[in-house]
Undergrad: 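My questions will all concern the structure given below.
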Amino acid sequence: MAVCTVYTIPSLNSTCSVSIPTKTYLGFHQRQVVLFSTSRRSSRRASSNTSEIRCSAEESKTVVIGLAADSGCGKSTFMRRLTSVFGGAAEPPKGGNPDSNTLISDTTTVICLDDYHSLDRTGRKEKGVTALDPKANNFDLMYEQVKALKDGISVEKPIYNHVSGLLDPPELIKPPKILVIEGLHPMYDSRVRDLLDFSIYLDISNEVKFAWKIQRDMAERGHSLESIKASIEARKPDFDAYIDPQKQYADAVIEVLPTQLIPGDNGGKVLRVKLVMKEGVKFFSPVYLFDEGSTISWIPCGRKLTCSYPGIKFFYGPDTYFGHEVSVLEMDGQFDRLDELIYVESHLSNISTKFYGEVTQQMLKHSDFPGSNNGTGFFQTIVGLKIRDLYEQIITSKAAAPLEAAKA
Ligand SMILES: Nc1ncnc2c1ncn2[C@@H]1O[C@H](COP(=O)(O)OP(=O)(O)OP(=O)(O)O)[C@@H](O)[C@H]1O
Ligand SMILES: O=C(CO)[C@H](O)[C@H](O)COP(=O)(O)O
């Protein structure tokens, strides 16, 4: 008697490798793989061995990147640098909600996790919670929707409207080549964290965060110094409890600190920026200066790099970060002339450029973005190129997988 076993493929985009047991016939119907067997014995064998059909999220097409940081810490600027690496402009969904937080380009879709706030502005006020508190966010929905997109399935994502403070009707998000989830909590929930192919944390020290807030909210938005201080203080306990701990999970951390070149300087104009890169991350090889694994301190100011006071200092070396082995590249100071950046770029290795001087070209292209004359812009650009490289490696390995399976 013929017996049939049915397996469901997670999505139509998934690539499944199937090994067919002897004397078993195979049929496909939409998302289902059907195994017909001529005897109970071979059917039992087929259904008891799950490795015979392998359809996993790992084999889906959308690459998912997580970017975590507090509000006002440079996520949007970083996203603009990242999407520029892939070419094409990133724009809100056409004909959609003008207050959408989503940015779509040919290759990337950036969704803002503020859209998963479960409490609107009034709701948070009534319950006495901040937007940083997990209680104000819907992690079940975040997980389901990021997973669906990763598996190639479109979703109706909610919109948190920052103008009105309300939750607006949802917008349709189609699975892109690269999905970036940016916001307060991309690595907070372990289910969402496990979906990430690469994660970044922007770690802005309190002094610098304060200086940037003053610059934006006081100079550009007319807020008072007292209200800025009060808002930072009100968020700090939840920031420390729920946002900051995510950095331990990040594959790359960009840490922004006051300079050490001017003793006692906290003004946030001259910055010391560290790029902390985890070792052993699949498809990611840390950048190095001169000699991989060694410890190097380098002052490049001289004939090829113009430096005015207080100069520029680089450091590179191995370290540990939350118990993980990491490589750290550090830059303190700022560039006088962006075109001369090529001198520094040419001394770095593993930067995943496609041609000589690509980092410098990107930096010159966006010289008006905040941080273009220091390590924030420089390292964000390099991380953008590393993400492009990671994406290309993942796609290549996925394309090769069915061929390898067929050969075996
Ligand atoms: N590298 C930088 N150097 C100097 N200032 C910066 C830098 N990055 C960001 N800023 C300052 O912080 C402000 C916020 O930057 P950005 O919009 O990129 O951050 P964000 O994390 O997306 O903010 P939000 O979550 O509030 O939308 C900028 O307007 C600028 O004033
Ligand atoms: O931390 C934030 C992330 O951007 C915002 O404060 C949060 O999303 C709430 O937004 P709003 O202040 O517009 O109500």
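Ligands are counted one by one from 1 in listed order, and the atoms in each one are counted from 1 as well.
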Undergrad: Give the contacting part of Lys75 toward ligand 1: side chain, backbone, both or neither, where contact means a heavy-atom distance below 4.0 Å.
TA: both
Undergrad: Starting from atom 14 (C) of ligand 1, find the nearest protein heavy-atom neighbour and note its residue, name and distance.
TA: Arg216 NH1, 3.6 Å
Undergrad: In the protein, what heavy atom is nearest to atom 12 (O) of ligand 1, and what distance, to one decimal place, separates them?
TA: Gly72 O, 3.7 Å
Undergrad: For atom 1 (N) of ligand 1, what is the nearest protein heavy atom, given as residue, atom name and distance?
TA: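 Here the closest protein heavy atom is Thr376 OG1, 2.8 Å.
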Undergrad: Under a 3.5 Å distance rule, please check whether Asp251 uses its side chain to pair with a backbone N or O of Ser199 as donor and acceptor.
TA: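 Checked: pair present.
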Undergrad: At under 4.0 Å between heavy atoms, which part of Thr77 makes contact with ligand 1: side chain, backbone, both or neither?
TA: both
Undergrad: Classify the ring geometry of Tyr391 against Phe86: parallel below 30°, tilted from 30° to 60°, perpendicular beyond 60°.
TA: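 Because their plane-to-plane angle is over 60°, the rings of Tyr391 and Phe86 count as perpendicular.
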Undergrad: Within the distance-only criterion (no hydrogens, no angle test), does the side chain of Thr62 pair as donor or acceptor with the backbone N or O of Pro176 below 3.5 angstrom?
TA: yes
Undergrad: Of all the non-hydrogen atoms in the protein, which one sits nearest to atom 3 (N) of ligand 1, and at what distance?
TA: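 Going by distance alone, atom 3 (N) of ligand 1 is nearest to Trp212 CZ2, 3.3 Å.
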Undergrad: Could you tell me the residue and atom name of the protein heavy atom closest to atom 31 (O) of ligand 1, and the distance to it rounded to 0.1 Å?
TA: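 Protein heavy atom at minimum distance: Gln215 NE2, 3.3 Å.
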Undergrad: Identify the protein atoms, limited to N or O, that lie within less than 3.5 Å of an N or O atom of ligand 2, and list each pair with its distance to 0.1 Å.
TA:
| unit_1 | atom_1 | unit_2 | atom_2 | d |
| --- | --- | --- | --- | --- |
| ligand 2 | 1 (O) | Arg235 | NH1 | 3.1 |
| ligand 2 | 1 (O) | Arg235 | NH2 | 2.6 |
| ligand 2 | 4 (O) | Asp114 | OD2 | 2.8 |
| ligand 2 | 6 (O) | Arg235 | NH1 | 3.1 |
| ligand 2 | 8 (O) | Asp114 | OD2 | 3.3 |
| ligand 2 | 8 (O) | His117 | NE2 | 2.7 |
| ligand 2 | 10 (O) | His162 | ND1 | 3.3 |
| ligand 2 | 13 (O) | Arg121 | NH2 | 3.0 |
| ligand 2 | 13 (O) | His162 | ND1 | 2.8 |
| ligand 2 | 14 (O) | Arg121 | NE | 2.8 |
| ligand 2 | 14 (O) | Arg121 | NH2 | 3.3 |
| ligand 2 | 14 (O) | Arg124 | NH2 | 2.9 |
| ligand 2 | 14 (O) | Tyr160 | OH | 2.6 |

Undergrad: Does the plane of the ring in Phe284 sit parallel, tilted or perpendicular to the ring in Phe198? Use 30° and 60° as the thresholds.
TA: tilted
